[in-house]
Amino acid sequence: MKNLGYVIRRLFDMNYKAMLQKINAIHKKTGRSRLWILRDMQRCAVNYGAGYMDYDLFEMYNLTDQQRDTYITRGRNNALIKQYNDPAFGHFLRNKGEFNQRFQAFVRRDWVYLTDKEAALAFMGRHQVFMAKPMNGTCGKGIEKIRMADEDGPESVWEHLAANGEYLLEEVIRQHPAVSAIYPEAINTVRTVTIRKDGVTHVICTYFRIGNNGRHVDNFNSGGMVAPVDEKTGIVADRAIDKNKNLYAVHPMTGTPIQGFQFPDWEAAMDMVRQAAALIPEIGYLGWDIAFSEDGPMLVEGNEFPGHDIYQLPEHTPDKIGIMDKFRV
């Protein structure tokens with residue numbers, strides 16, 4: 001038992017205590033022995049690159065080997081990153097300022113560095129509501145929505161933000177009314193995964209990320225929810241789900257339908273990410289976050305480490321078939 005756990009831990013640099021908690025939870029849910037679950041986890045790790053989080057999230061204990069082989073897992077995702085992405089160019093995506101500069105044609109909104117105090121104060125004069133984003137933040141953490149009417153003036157706002165780190169100030173996106181009707185408190189984006197190979201950019205999959213509970217971010221891991229979108233048509237193909245596995249055909253706060261929603265300007269959005277991917281061919285495997293504004297689609301950010309956890313949730317894969325085949329371009 002000890003050696004088996006050591007092998008798994010070394011394979012995926014696991015939090016051993018958290019893994020044991022998952023094993024206990026699966027044991028309670030399925031009645032299978034802990035030893036069976038541990039050995040099955042090891043098989044999935046070796047054969048499919050699935051860590052213990054994948055094993056639990058995708059409910060691999062309920063899948064056949066043939067079904068398991070259809071899933072993109074953490075190990076397979078990491079292999080794609082290693083295959084397509086040159087880490088020397090990752091800073092263009094991690095640093096929000098560098099991202100906005102390189103992809104300005106697709107960002108299409110006003111922004112400044114907080115460190116340029118004069119420019120930041122002038123920006124606050126132009127925009128009574130704006131977003132303050134940590135320069136290297138992820139998962140929507142640390143983002144603030146600033147309303148100047150609620151503040152003591154530009155100097156006070158600048159001092160507050162400067163005391164907390166490096167920020168980028170961005171003009172608020174004027175979300176398309178149809179998208180805003182679903183949830184107006186956040187910019188609800190579409191995560192679009194692309195792979196660029198032999199000079200051609202392939203759109204692999206698209207997922208609608210939606211805010212909830214009054215929060216100003218749409219991230220799945222920050223209280224939001226996600227629903228699959230047909231990448232060819234731009235139609236939301238299923239219900240949204242949150243991290244607690246609650247399903248929503250309509251948004252719980254607005255009552256606006258989610259499933260069946262047709263995105264505006266879909267072809268323009270897909271053309272945009274294809275053009276954007278061509279601007280950084282050294283990073284061939286990317287996750288783009290697209291906002292749909294009153295004036296058309298625009299980029300919010302790009303991710304050199306596209307997550308894989310939201311793509312094949314059991315509730316969205318009733319046939320128990322994952323989407324790994326889409327990544328084999």
Side-chain angles (χ1 to χ4, degrees), residues 57-58 67 70-73 76-77 80 106 175-183 186-197 200-212 218-220 224-243 245-252 254 256-277 285-293 296-303 306-329:
L57 185 66
F58 302 142
Q67 290 167 337
T70 67
Y71 279 70
I72 180 166
T73 61
R76 288 172 168 180
N77 193 56
L80 288 169
F106 311 114
Q175 189 163 230
H176 192 286
V179 182
S180 188
I182 294 175
Y183 182 73
I187 302 303
N188 308 298
T189 61
V190 170
R191 167 59 60 87
T192 301
V193 177
T194 61
I195 291 179
R196 186 169 176 82
K197 184 176 182 180
V200 178
T201 301
H202 304 268
V203 175
I204 305 301
C205 57
T206 49
Y207 286 79
F208 190 18
R209 307 191 315 166
I210 311 161
N212 197 12
D218 63 352
N219 304 71
F220 183 67
M225 42 191 171
V226 64
V229 181
D230 185 317
E231 63 270 15
K232 295 181 177 64
T233 66
I235 296 174
V236 179
D238 204 338
R239 299 154 295 173
I241 189 171
D242 63 21
K243 205 161 186 181
K245 296 190 175 183
N246 298 308
L247 290 163
Y248 306 95
V250 302
H251 198 285
T254 64
T256 305
I258 296 172
Q259 187 174 7
F261 176 73
Q262 169 71 69
F263 277 94
D265 305 314
W266 186 254
E267 290 186 13
M270 297 301 100
D271 286 342
M272 179 182 69
V273 292
R274 291 187 184 98
Q275 293 176 52
Y285 176 41
L286 277 160
W288 306 96
D289 291 337
I290 304 171
F292 290 79
S293 79
M298 58 177 63
L299 290 180
V300 176
E301 64 180 41
N303 301 271
H308 67 288
D309 55 345
I310 65 173
Y311 306 153
Q312 311 145 120
L313 298 172
E315 292 75 11
H316 291 154
T317 52
D319 58 359
K320 298 183 179 180
I321 301 298
I323 63 168
M324 185 62 210
D325 265 354
K326 290 187 174 184
F327 292 80
R328 297 186 174 106
V329 298

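Residue numbers start at 1 and run along the sequence shown. Every heavy atom of this structure was used, including side-chain atoms; hydrogens, water molecules and symmetry mates were not.
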Please find the pair of heavy atoms, one from F327 and one from C205, that lie closest to each other, and give the distance. CZ-SG, 4.3 Å
Look at the rings of F208 and F261 and say which category their plane angle falls in: under 30° parallel, 30 to 60° tilted, over 60° perpendicular. parallel
Name all residues meeting the salt bridge (charged side-chain N to carboxylate O under 4.0 Å, His left out) criterion together with R209; count only those two or more places apart in sequence or in a different chain, and write none if there are none. D218, D289
For a side-chain contact (heavy atoms from CB on, under 4.5 Å) with W288, tell me which candidate from N303, T194, V203 qualifies. T194
List in chain and number order the residues that pass side chain to side chain contact (heavy atoms under 4.5 Å, CB included) with N77, two or more places apart in sequence or in another chain; answer none if no residue qualifies. I72, I81, Y285, H308
Can any side-chain N or O of S180 pair as donor or acceptor with the backbone N or O of Q175 at less than 3.5 Å? no
I need the minimum non-hydrogen distance between M225 and G211, along with the two atoms involved. CE-O, 4.0 Å
Mind checking whether Y71 and Y311 have side chains closer than 4.5 Å, heavy atoms only? no
Checking H176 side chain against A291 main chain: does a donor-acceptor pair fall under 3.5 Å? no
Non-hydrogen side-chain atoms of R191 and T206 separated by less than 4.5 Å: no
Rounded to the nearest 0.5 Å, what's the gap from OH on Y183 to CG on N188? Could you check? 8.0 Å
Taking all atoms of both residues into account, what is the closest heavy-atom pair of R239 and H316, and its distance? O-NE2, 2.7 Å
I'd like to know if the side chain of T317 and the backbone of K320 have a donor-acceptor N/O pair within less than 3.5 Å. no
Any donor-acceptor pair under 3.5 Å from T70 side chain to M324 backbone: no
